[in-house]
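For reference, the structure is listed below as structure tokens.
First the proteins, then the strands, lettered A, B, ... as listed; each starts at 1.
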Protein chains: 2
Amino acid sequence: MTRIAPTTTKGIPEATIARLPVYLRALASLADQGIATISSGALAEAAGVNSAQLRKDLSYLGSYGTRGVGYNVEYLRFQIGREVGSAHEWPVIIVGLGNLGTALANYSGFSSRGFRVVALVDSAPEQVGRWIHGLTVSALDDLEQVVASTGAAIAVIATPPGAAQAVCDRLVGLGVTSILNFAATVLVVPEGVNVRKVDLGQELQILAYHEQRKSDDPRVFDGAYAAEVTPA
Amino acid sequence: MTRIAPTTTKGIPEATIARLPVYLRALASLADQGIATISSGALAEAAGVNSAQLRKDLSYLGSYGTRGVGYNVEYLRFQIGREVGSAHEWPVIIVGLGNLGTALANYSGFSSRGFRVVALVDSAPEQVGRWIHGLTVSALDDLEQVVASTGAAIAVIATPPGAAQAVCDRLVGLGVTSILNFAATVLVVPEGVNVRKVDLGQELQILAYHEQRKSDDPRVFDGAYAAEVTPA
DNA sequence: TTATGTGAAAGCGTTCACAGCC
DNA sequence: GGCTGTGAACGCTTTCACATAA
């Protein structure tokens, strides 16, 4: 029983939460450079956001800055990290070891951010037993045991679209409550389970939409017009 | 000179544009199932959105439905596809062929959505000349020629964080105007260039935030409380 | 009768601008 | 004097609810 007070639960906006990891990364980089203190303006620039936005975001977590001075890099880093859950090292399992799943299993960006890939699962018999990045691939049939033994609450789905919902249902049934979905399908989950979708094709399509606009009329920058403002 | 009228440029909200690919995918799936007509309610469910939202989104494109009936699947698919730029087949180049870049080069989800990976580029001499998915890896030094000969306006950056901004600058200098960034860095680009970021570590951190909240208090679903509503 | 298309309302998120504190 | 923290204004997004059309 850690924190009991329920109404104390801070209502941090979802948009802010999505930016906290960006701030963390910027702070890590500053710390590496030996910078001890930073202003909201400079940190905002490093994170690619407006400085007012940064200050408002941080104000949801608490008052960690010093007026007239700025923020202590290490202290702020610790506070944001604690909020995001970096104190903990989260075990993660990956289901589906095609090209993408295999790349994710080897991806170093997870471990550097407080996640540890603890199990790999695939349904194809030829994948099972394969050795990837220090782990052997388990059979989908053994999913129950894999989840139970690792205690993972977070799973990555990188299966073909057709298999994703079934895998998701099984994971949820075994107690997984956070899913990162790379499959090109909309997953339906019960309340209390969080899903984030990464659809690579979709990202390119959004770029293509803007690209098409640009080629329609070279002066168009993203639907709005650049320059030609105040034609003297 | 295709469409000249500048003020005719429809102001489709960014949030809507981001959902169009989702609708396209749902429509493709319906078409495969042989379904010819669909209501906003059913399509919204397949896409995982509210039906009012779907109708409002589609209304920005035009009036493609029939009152009292619904939408013709193939016709709507064509209209959305045209808007997003699926008519065109977009050439894409990938820079950085580590685990992730290699997986992307092999990823089938791009070609099925109107994109063709036309060139692979890496700075490491041991990568250059490697044969991946029907393409040989070019040297970063040859970037100018690669962009010129392929005519790609869209590039994927999957380099280490430290190299990303320099690669980005070179790409932009060579005329690339849309970038999908997998590197864990904030890219700075001139106006008129679109960047979309996919940060896998960040996605997990957002899930971890919510996960932490859940373990603080098992009754908490995402900051809000579930059940216990109307305690009889 | 049924389901779209859309003004109007409500809800969020961002930005401004300045009071408060070092 | 300088920079944080924050109410208030603004703008964008979602949802409602109904007029409109088949």
Are A:Y64 and A:Y75 close enough that their ring centers fall under 6.0 Å? yes
For [X] and [N], what is the distance between atoms [atom1] and [atom2] respectively, to the nearest whole Å?
X     : N      : atom1 : atom2 : value
B:E45 : C:dA3  : CD    : C1'   : 16 Å
B:Q79 : C:dG5  : CD    : C1'   : 16 Å
B:I12 : D:dT14 : CD1   : C1'   : 17 Å
B:R67 : C:dT1  : CZ    : P     : 19 Å
A:I17 : C:dC12 : CD1   : P     : 13 Å
B:R19 : D:dC12 : CZ    : P     : 15 Å
A:Q53 : D:dG11 : CD    : P     : 16 Å
B:D57 : C:dT4  : CG    : C1'   : 14 Å

Counting side-chain heavy atoms from CB outward, which of [options] is closest to [X]?
X     : options                : value
B:E14 : D:dA17, D:dT13, C:dT14 : D:dT13
B:R55 : C:dT4, C:dT14, D:dT13  : C:dT4
B:S59 : C:dC16, D:dG5, C:dT6   : C:dT6
B:N50 : C:dT4, D:dC16, D:dG5   : D:dC16

Exercise: do A:T177 and B:E211 side chains pair donor with acceptor under 3.5 Å: yes
For residues B:Y23 and B:D57, is any side-chain donor paired with an opposing acceptor at under 3.5 Å? yes
Short side-chain N/O contact to [N] OP1/OP2 from [X], under 4.0 Å:
X     : N      : result
A:Y60 : C:dT14 : no
B:S40 : C:dT4  : yes
B:Y71 : C:dG5  : yes

Looking at A:R213 and B:E83, is any side-chain nitrogen of the basic one under 4.0 Å from a carboxylate oxygen of the acidic one? yes
What does A:A52 touch in the nucleic acid at a heavy-atom separation under 4.0 angstrom: a base, only the sugar-phosphate, or nothing? base
On DNA chain C, does the nearest nucleotide to B:K56 precede the nearest nucleotide to B:S39 from the 5' side, or the other way round? Give the residue. B:S39
Let me spell it out: for each of B:G70 and A:V69, pick the nucleotide of DNA chain C with the closest heavy atom. Which residue's pick is nearer the 5' end? B:G70
A quick test of your reading: do over 12 heavy atoms of other residues, nucleotides or ligands sit less than 6.0 Å from CD of B:E45? no
